[in-house]
Amino acid sequence: GTYSAAALTTLGVYFLSDNMFSSYSENSIGLFFAVIIGLAVGLLVGQISEWFTSDHYSIVKNIADQAKTGPATLVLSGISEGMRSAAFSVIVVVFGIGGAYTAGDWALGSGGGIYGIAIAAIGVLATLGITVAVDAYGPIADNAGGIAEMAHLPPEVREATDELDSLGNTTAAIAKGFAIGSAAVTALALFSAFVQSAGLSEIGLNITKVEVTAGLFLGGMFPFLFAAMTINAVGRAAFKMIEEVRRQFKEIPGLREGKEGVKPDYTRCVDIATSAALKEMLLPGGLAIALPLIIGFWNKEALGGFLAGSLVTGFLLAIFMANSGGAWDNAKKYIEAGGGAGKGSDEHKAAVIGDTIGDPFKDTSGPAMDVDLPETKDPTEIEQPEVKEEPSVRPVVEEDKRTYEKQKDHGTDMSYENEKSETQKDDKELSQQKMSIDSINTTSAARFVKPAEAAAKPQQDDDTSVAGVNKKQDQEQDT
């Protein structure tokens, strides 16, 4: 199903990229390659998770072999393999980011690499439908096994559900890889959006600045703190559950002996689990929202470092915990299916301990990272204040827009024309003022000049008379 979805995505994206982007770029096929690179990253990250969690491959079988020497070596083997799977996943993501950036630059020119990375996330999530379907398959098979055991169905039914549950652990790990891989691939695009919205485009994020370095360490710390809080929450809920089971064994007659007709109080156990699941997540969830806000109000450059640190360590922890937990669980099922000494043996007891450690890894803290990273990586929409325009500024903006459109249509330098028009307007106003003053002075002087003297006085060629104007024009022509 996954490979069929990938093939359909490839065909669809090829035709869509040519039709949608051909008018914007001569190399629109580059965006097609960006999506295909993202698709390849998603498939490879999922395949790595399958290699490290499926009992059909040697890694899980080697972990099961470590149970022969006790739970300590089995746990150590599972931890090391989970870390190794995270390393391989990071290498795939790094090559994917570089390839998508190059394809975007080729398609859209300088600056198009960021868009190429962003659109590569479409490829990572292109098979999301089938991925979610196979992810839901795991819990369904697990619950079917629990129902078969509680209903005291024949052993072969439980064996079939265990086989399905083992496959479900692998599909769950693949789905977690897809989810966290999409966040990692789009990291550079998200950082670019943050830098622009925070007004850091010119200065960038300088790691030598104390604020950025402090935010980087705080961000690297937070996924570990989040994981610790969720694992402790599982431990506290398990403690309450065990105490309740022991109470029922003591207070309900015949329950420990398994007498017919005696039933435990399932409702109380379900209530403990659901209440703990809701209450224990209040503090971790609140921190995931509040901590980026607090750091952002303190210093936006520190927030950039925080986002970078939390994304890197969160991606590594999510892959590590999901794959380690799935490997421990399937190692136990491999022993139960006959790959080892079988149920009830010392090997099986050691594998059960590993599975108990792996459950909060793969079912709590690992999936919680998939939710935690989107909460912390893009808080800029909340934290960055909106710049509102003053009403008096708006007409100027509209006038500038109309001027630009006119300039673009006529191919003229409108800024020069506007400046020239303003200068001519000022000269005209000064000329009018000068003429008014001269008129006033002439009228006032005429009151003190005798009519006879005025009549006898010869007309002089000043600049305001017709003769003076003609004389001035003759001088300009001679010059």
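Taking 4.5 Å as the limit, every side-chain heavy atom of T364 sits out of range of all side-chain heavy atoms of I231.
Every salt bridge (charged side-chain N to carboxylate O under 4.0 Å, His left out) that E81 has, sequence neighbours left out, goes to R84. Considering only residues two or more places apart in sequence or on other chains, E336 meets the salt bridge (charged side-chain N to carboxylate O under 4.0 Å, His left out) condition with none of them. Every residue two or more places apart in sequence or in another chain was checked for a salt bridge (charged side-chain N to carboxylate O under 4.0 Å, His left out) with D346, and none qualifies. In this structure, the salt bridge (charged side-chain N to carboxylate O under 4.0 Å, His left out) partners of E244, at least two apart in sequence or on a different chain, are R247, R268. In terms of the ring pair (Phe, Tyr, Trp, His ring centres under 6.0 Å) criterion, residue partners of F361 (sequence neighbours excluded) are, by chain and number, F320, W328. Residues satisfying the side-chain contact (heavy atoms from CB on, under 4.5 Å) test with T161, not counting sequence neighbours, are A144, R158. Taking the side-chain contact (heavy atoms from CB on, under 4.5 Å) definition, one finds that F32 meets it with T10, V13, Y14, S17, I29, I36, sequence neighbours left out. Every residue two or more places apart in sequence or in another chain that forms a side-chain contact (heavy atoms from CB on, under 4.5 Å) with L164 is listed here: Y137, A141.
We find the CG-CG distance between L303 and L218 to be 11.0 Å, quoted to the nearest 0.5 Å.
Shortest non-hydrogen contact noted between F226 and G285 is CE1-N, 4.4 Å.
Residue pairs that meet the side chain to side chain donor-acceptor pair (under 3.5 Å) test with at least one member in residues 216-240, sequence neighbours left out, are T230-S365, R236-E280. Residue pairs meeting the salt bridge (charged side-chain N to carboxylate O under 4.0 Å, His left out) criterion with at least one partner in residues 115-127, sequence neighbours excluded, are absent. Residue pairs that meet the salt bridge (charged side-chain N to carboxylate O under 4.0 Å, His left out) test with at least one member in residues 308-331, sequence neighbours left out, are D329-K333, D329-K362. Residues in residues 51-65 take part in no salt bridge (charged side-chain N to carboxylate O under 4.0 Å, His left out) pair, two or more places apart or across chains.
In summary, the side chains of T69 and T73 do present a donor paired with an acceptor at a separation below 3.5 Å, with no hydrogens or angles considered.
For L282, the CG atom counts as densely surrounded, since its 6.0 Å shell holds more than 12 non-hydrogen atoms of other residues, nucleotides or ligands.
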